[in-house]
Q: 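Okay, handing you the structure first.
Proteins get letters first, then strands, A, B, ... in listed order; numbering begins at 1 in each. None of these values were measured; they are calculated from a predicted model.
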Amino acid sequence: EDQVTQSPEALRLQEGESSSLNCSYTVSGLRGLFWYRQDPGKGPEFLFTLYSAGEEKEKERLKATLTKKESFLHITAPKPEDSATYLCALAGGGNKLTFGTGTQLKVEL
Amino acid sequence: GAVVSQHPSRVICKSGTSVKIECRSLDFQATTMFWYRQFPKQSLMLMATSNEGSKATYEQGVEKDKFLINHASLTLSTLTVASAHPEDSSFYICSAWGQGDQPQHFGDGTRLSIL
(Lines give C-alpha, C1' and ligand atoms only; values in the text may rest on other atoms or scores of the structure.)
Protein backbone atom coordinates (compact mmCIF):
# COMPACT_ATOMS: atom_id res chain seq x y z
CA GLU A 1 0.00 0.00 0.00
CA ASP A 2 1.28 3.46 -0.95
CA GLN A 3 2.14 5.63 2.05
CA VAL A 4 3.06 9.30 2.32
CA THR A 5 4.33 10.97 5.50
CA GLN A 6 5.02 14.69 5.68
CA SER A 7 7.05 16.56 8.27
CA PRO A 8 6.97 18.82 10.10
CA GLU A 9 3.22 19.22 10.63
CA ALA A 10 3.70 22.96 11.07
CA LEU A 11 6.58 25.34 10.45
CA ARG A 12 6.97 28.96 11.37
CA LEU A 13 9.68 30.96 9.58
CA GLN A 14 10.81 34.53 9.57
CA GLU A 15 10.76 36.28 6.20
CA GLY A 16 13.98 35.39 4.40
CA GLU A 17 14.67 32.32 6.57
CA SER A 18 15.16 29.40 4.17
CA SER A 19 14.03 25.90 5.11
CA SER A 20 12.90 22.52 3.75
CA LEU A 21 9.75 20.45 4.01
CA ASN A 22 10.00 16.67 3.93
CA CYS A 23 7.82 14.03 2.25
CA SER A 24 8.75 10.40 2.93
CA TYR A 25 7.08 7.76 0.84
CA THR A 26 6.78 4.04 0.21
CA VAL A 27 5.43 2.81 -3.10
CA SER A 28 5.69 -0.35 -5.16
CA GLY A 29 6.32 1.54 -8.40
CA LEU A 30 6.62 5.32 -8.56
CA ARG A 31 4.33 6.82 -11.18
CA GLY A 32 4.86 10.36 -10.00
CA LEU A 33 5.24 12.44 -6.83
CA PHE A 34 3.31 15.69 -6.74
CA TRP A 35 3.58 18.84 -4.67
CA TYR A 36 0.56 21.08 -4.22
CA ARG A 37 -0.05 24.28 -2.28
CA GLN A 38 -3.38 24.75 -0.48
CA ASP A 39 -4.60 28.07 0.90
CA PRO A 40 -7.31 28.09 3.60
CA GLY A 41 -10.76 27.38 2.18
CA LYS A 42 -9.38 26.66 -1.29
CA GLY A 43 -8.53 23.64 -3.40
CA PRO A 44 -4.92 22.53 -3.90
CA GLU A 45 -2.86 24.38 -6.51
CA PHE A 46 -0.40 22.32 -8.54
CA LEU A 47 3.29 23.09 -8.06
CA PHE A 48 5.52 20.23 -9.30
CA THR A 49 5.62 16.66 -10.52
CA LEU A 50 8.73 14.51 -10.03
CA TYR A 51 9.16 11.10 -11.63
CA SER A 52 12.61 9.73 -10.85
CA ALA A 53 15.30 9.90 -8.18
CA GLY A 54 17.67 12.78 -8.76
CA GLU A 55 15.09 14.91 -10.50
CA GLU A 56 14.77 18.56 -9.43
CA LYS A 57 12.29 21.29 -10.39
CA GLU A 58 12.19 24.97 -9.50
CA LYS A 59 9.61 27.71 -9.51
CA GLU A 60 10.40 31.12 -8.03
CA ARG A 61 11.45 30.53 -4.39
CA LEU A 62 10.50 26.83 -4.42
CA LYS A 63 12.64 23.87 -5.42
CA ALA A 64 11.51 20.25 -5.26
CA THR A 65 13.91 17.32 -5.17
CA LEU A 66 13.40 13.56 -5.17
CA THR A 67 15.28 10.52 -3.87
CA LYS A 68 14.15 6.91 -3.81
CA LYS A 69 12.58 7.34 -0.37
CA GLU A 70 11.74 11.01 0.06
CA SER A 71 11.12 14.35 -1.55
CA PHE A 72 12.04 17.77 -0.25
CA LEU A 73 10.44 21.10 -0.96
CA HIS A 74 13.08 23.77 -0.38
CA ILE A 75 11.89 27.30 0.22
CA THR A 76 14.53 29.99 -0.31
CA ALA A 77 14.10 33.41 1.30
CA PRO A 78 10.37 32.94 1.89
CA LYS A 79 7.89 35.78 1.93
CA PRO A 80 4.63 36.06 3.87
CA GLU A 81 2.69 35.21 0.70
CA ASP A 82 4.32 31.76 0.75
CA SER A 83 2.27 30.95 3.86
CA ALA A 84 0.03 27.98 3.03
CA THR A 85 -0.29 24.24 3.56
CA TYR A 86 2.00 22.27 1.28
CA LEU A 87 0.76 18.83 0.28
CA CYS A 88 2.72 15.92 -1.14
CA ALA A 89 0.93 13.18 -3.09
CA LEU A 90 1.80 9.90 -4.80
CA ALA A 91 0.25 8.84 -8.09
CA GLY A 92 -1.15 5.33 -8.12
CA GLY A 93 -3.15 3.17 -10.47
CA GLY A 94 -5.95 4.91 -12.34
CA ASN A 95 -4.20 8.24 -11.79
CA LYS A 96 -5.41 8.25 -8.18
CA LEU A 97 -3.50 10.41 -5.72
CA THR A 98 -2.60 9.45 -2.15
CA PHE A 99 -2.01 12.60 -0.15
CA GLY A 100 0.08 13.25 2.93
CA THR A 101 -1.36 15.30 5.76
CA GLY A 102 0.58 18.38 4.73
CA THR A 103 2.92 20.92 6.29
CA GLN A 104 1.31 24.15 7.41
CA LEU A 105 3.82 26.94 6.71
CA LYS A 106 3.60 30.37 8.28
CA VAL A 107 6.06 33.04 7.18
CA GLU A 108 6.20 36.10 9.41
CA LEU A 109 7.57 39.58 8.81
CA GLY B 1 -2.94 27.09 -16.50
CA ALA B 2 -5.80 24.61 -16.35
CA VAL B 3 -8.92 25.86 -14.62
CA VAL B 4 -11.47 23.80 -12.73
CA SER B 5 -14.60 25.53 -11.52
CA GLN B 6 -16.63 24.15 -8.60
CA HIS B 7 -20.04 25.44 -7.50
CA PRO B 8 -21.43 26.30 -5.08
CA SER B 9 -18.59 27.37 -2.82
CA ARG B 10 -20.73 27.11 0.28
CA VAL B 11 -24.00 25.43 1.17
CA ILE B 12 -25.92 25.58 4.43
CA CYS B 13 -29.09 23.53 4.57
CA LYS B 14 -31.37 21.51 6.79
CA SER B 15 -30.95 17.83 7.56
CA GLY B 16 -32.66 15.65 4.96
CA THR B 17 -31.98 17.98 2.04
CA SER B 18 -30.20 16.68 -1.06
CA VAL B 19 -27.34 18.87 -2.27
CA LYS B 20 -25.79 18.95 -5.74
CA ILE B 21 -22.24 20.13 -6.36
CA GLU B 22 -20.95 20.84 -9.87
CA CYS B 23 -17.39 20.50 -11.13
CA ARG B 24 -16.41 21.85 -14.53
CA SER B 25 -13.12 21.81 -16.40
CA LEU B 26 -13.12 25.13 -18.23
CA ASP B 27 -10.22 24.89 -20.68
CA PHE B 28 -9.51 21.20 -21.17
CA GLN B 29 -11.36 17.93 -21.60
CA ALA B 30 -11.32 15.90 -18.41
CA THR B 31 -10.99 12.20 -19.06
CA THR B 32 -11.38 11.52 -15.37
CA MET B 33 -12.75 13.53 -12.48
CA PHE B 34 -12.16 12.79 -8.82
CA TRP B 35 -14.15 13.70 -5.72
CA TYR B 36 -12.43 14.21 -2.38
CA ARG B 37 -13.53 15.01 1.13
CA GLN B 38 -11.40 16.97 3.60
CA PHE B 39 -11.97 17.34 7.32
CA PRO B 40 -10.37 20.22 9.31
CA LYS B 41 -6.62 19.82 9.74
CA GLN B 42 -6.68 16.60 7.71
CA SER B 43 -5.63 15.72 4.23
CA LEU B 44 -7.74 14.99 1.21
CA MET B 45 -9.44 11.60 1.16
CA LEU B 46 -10.50 10.24 -2.21
CA MET B 47 -14.18 9.36 -2.31
CA ALA B 48 -14.72 8.30 -5.90
CA THR B 49 -13.37 8.37 -9.44
CA SER B 50 -15.57 9.06 -12.43
CA ASN B 51 -14.96 8.69 -16.14
CA GLU B 52 -17.19 10.33 -18.72
CA GLY B 53 -20.10 8.11 -19.62
CA SER B 54 -19.24 5.42 -17.08
CA LYS B 55 -20.38 4.56 -13.58
CA ALA B 56 -18.25 6.03 -10.84
CA THR B 57 -15.84 3.87 -8.86
CA TYR B 58 -16.15 4.42 -5.13
CA GLU B 59 -13.44 3.99 -2.51
CA GLN B 60 -13.95 1.51 0.28
CA GLY B 61 -16.36 2.77 2.91
CA VAL B 62 -18.00 5.42 0.71
CA GLU B 63 -21.74 4.86 0.26
CA LYS B 64 -22.62 5.06 -3.40
CA ASP B 65 -26.31 5.57 -2.61
CA LYS B 66 -25.47 8.55 -0.43
CA PHE B 67 -22.92 10.18 -2.76
CA LEU B 68 -24.32 10.06 -6.28
CA ILE B 69 -21.89 10.94 -9.05
CA ASN B 70 -22.76 11.78 -12.64
CA HIS B 71 -20.13 12.49 -15.30
CA ALA B 72 -22.26 13.42 -18.26
CA SER B 73 -19.63 15.09 -20.42
CA LEU B 74 -15.87 15.60 -20.68
CA THR B 75 -16.20 18.92 -18.88
CA LEU B 76 -18.82 18.32 -16.20
CA SER B 77 -19.21 16.02 -13.20
CA THR B 78 -21.73 16.38 -10.40
CA LEU B 79 -21.81 15.05 -6.86
CA THR B 80 -25.19 14.81 -5.15
CA VAL B 81 -25.25 14.25 -1.42
CA ALA B 82 -28.58 12.51 -0.93
CA SER B 83 -30.63 13.24 2.20
CA ALA B 84 -27.70 14.94 3.88
CA HIS B 85 -27.23 14.73 7.64
CA PRO B 86 -24.97 16.69 10.00
CA GLU B 87 -22.26 14.03 9.77
CA ASP B 88 -22.01 14.76 6.03
CA SER B 89 -20.84 18.28 6.80
CA SER B 90 -17.36 18.66 5.33
CA PHE B 91 -15.26 20.32 2.63
CA TYR B 92 -15.80 18.58 -0.73
CA ILE B 93 -13.24 19.11 -3.49
CA CYS B 94 -13.25 17.92 -7.08
CA SER B 95 -10.34 17.52 -9.45
CA ALA B 96 -10.01 16.89 -13.15
CA TRP B 97 -7.39 15.03 -15.14
CA GLY B 98 -6.95 15.25 -18.88
CA GLN B 99 -4.33 12.89 -20.24
CA GLY B 100 -0.74 11.69 -20.15
CA ASP B 101 1.57 13.49 -17.73
CA GLN B 102 -0.91 16.20 -16.84
CA PRO B 103 -1.46 16.61 -13.08
CA GLN B 104 -4.87 16.68 -11.47
CA HIS B 105 -6.23 20.22 -11.29
CA PHE B 106 -8.51 21.04 -8.40
CA GLY B 107 -11.59 23.15 -7.91
CA ASP B 108 -11.85 25.54 -4.96
CA GLY B 109 -14.05 23.22 -2.96
CA THR B 110 -17.55 23.34 -1.49
CA ARG B 111 -18.07 23.86 2.21
CA LEU B 112 -21.18 21.86 3.12
CA SER B 113 -22.86 22.54 6.46
CA ILE B 114 -25.91 20.50 7.42
CA LEU B 115 -27.95 21.86 10.33
Q: Verify salt bridge (charged side-chain N to carboxylate O under 4.0 Å, His left out) between Lys96(A) and Glu59(B), making sure each step is shown before the conclusion.
A: CA-CA 11 Å; Lys96(A) 294 181 183 181; Glu59(B) 296 299 302; 2.8 Å; yes
Q: With hydrophobic residues grouped by side-chain heavy-atom distances under 4.5 Å, do Val27(A) and Tyr36(A) end up in a single group?
A: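 No; Tyr36(A) is not reachable from Val27(A) via cluster members.
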Q: Need one label for Gln6(B): side chain, backbone, both or neither, based on atoms under 4.5 Å from any heavy atom in chain A.
A: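 Gln6(B) has no heavy atom closer than 4.5 Å to chain A.
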Q: Please look at Thr49(B) and chain A and tell me whether the side chain, the backbone, both or neither of the residue comes under 4.5 angstrom of a heavy atom of that chain.
A: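 For Thr49(B), the side chain is the part near chain A, not the backbone.
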Q: For Glu81(A), does the CD atom sit with more than 12 other heavy atoms under 6.0 Å from it, leaving out its own atoms?
A: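 Check passes, neighbour count above 12.
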Q: How about Phe46(A) and Phe106(B): are their ring centroids closer than 6.0 Å?
A: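 Not under 6.0 Å, so no.
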Q: Does some side-chain heavy atom of Gln104(B) sit less than 4.5 Å from a side-chain heavy atom of Phe34(A)?
A: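 Not touching, per the 4.5 Å side-chain cut-off.
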Q: Check this for me: Gln99(B), atom CD, are more than 12 non-hydrogen atoms of other residues, nucleotides or ligands nearer than 6.0 Å?
A: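 Counting neighbours around CD of Gln99(B), 12 or fewer heavy atoms of other residues, nucleotides or ligands fall under 6.0 Å, so no.
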Q: Relative to chain A, which segment of Asp101(B) carries a heavy atom at a distance below 4.5 Å: side chain, backbone, both, or neither?
A: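 Its backbone and side chain both get close to chain A.
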Q: Over all heavy atoms of both residues, which pair between Pro103(B) and Thr49(A) is shortest? Give the atoms and the distance, please.
A: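 Scanning both residues, the minimum pair turns out to be CB-OG1, 4.4 Å.
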Q: Under 4.5 Å between side-chain heavy atoms, counting indirect links through other Ile/Leu/Val/Met/Phe/Trp/Tyr residues: same cluster for Leu66(A) and Leu62(A) or not?
A: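 Result: yes, single cluster for both.
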Q: At a heavy-atom separation under 4.5 Å, does Phe99(A) approach chain B through its side chain, its backbone, both, or neither?
A: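 Interface part for Phe99(A): both.
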Q: Considering only heavy atoms, which portion of Leu46(B) lies under 4.5 Å from any heavy atom of chain A: side chain, backbone, both, or neither?
A: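 Just its side chain gets close to chain A.
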Q: Group every Ile, Leu, Val, Met, Phe, Trp and Tyr by side-chain heavy-atom contacts under 4.5 Å, then state whether Leu87(A) and Val107(A) land in the same group.
A: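 Hydrophobic grouping puts Leu87(A) apart from Val107(A).
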Q: If you draw a 6.0 Å radius around CZ in Arg12(A), do more than 12 non-hydrogen atoms from other residues or ligands fall strictly inside?
A: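 Counting other residues, nucleotides and ligands, CZ of Arg12(A) stays at 12 neighbours or fewer.
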Q: So which residue, Glu45(A), Lys42(A), Gln104(A), ends up with the most heavy-atom pairs under 4.5 Å with chain B?
A: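 Answer, by heavy-atom pair count under 4.5 Å with chain B: Lys42(A).
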Q: Work out which heavy atom in Gln38(A) is nearest to a heavy atom in Phe91(B); give both atom names and the distance.
A: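 What the structure gives for the nearest pair is NE2-CE2, 4.2 Å.
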Q: Should we count NZ of Lys57(A) as having more than 12 external heavy atoms under 6.0 Å?
A: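 Yes - once you tally the heavy atoms of other residues, nucleotides and ligands closer than 6.0 Å, there are more than 12.
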Q: Where is the tightest heavy-atom contact between Leu97(A) and Tyr36(B), given as atom of each residue plus distance?
A: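 So the minimum-distance heavy-atom pair works out to CB-OH, 3.8 Å.
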Q: Using 0.5 Å steps for rounding, measure from the OG1 atom of Thr98(A) to the CE atom of Met45(B).
A: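 Output value for this atom pair is 8.5 Å.
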Q: Does NZ belonging to Lys66(B) count more than 12 external heavy atoms closer than 6.0 Å?
A: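 Yes.
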Q: Is Thr101(A) reaching over with its side chain to a backbone N or O of Ser43(B), donor-acceptor style, under 3.5 angstrom?
A: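 No.
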Q: Flag yes if Leu79(B) and Val62(B) sit in one hydrophobic cluster, no otherwise; membership is Ile, Leu, Val, Met, Phe, Trp, Tyr, and two members link when side-chain heavy atoms are under 4.5 Å apart.
A: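 In one cluster with Leu79(B): Val62(B), yes.
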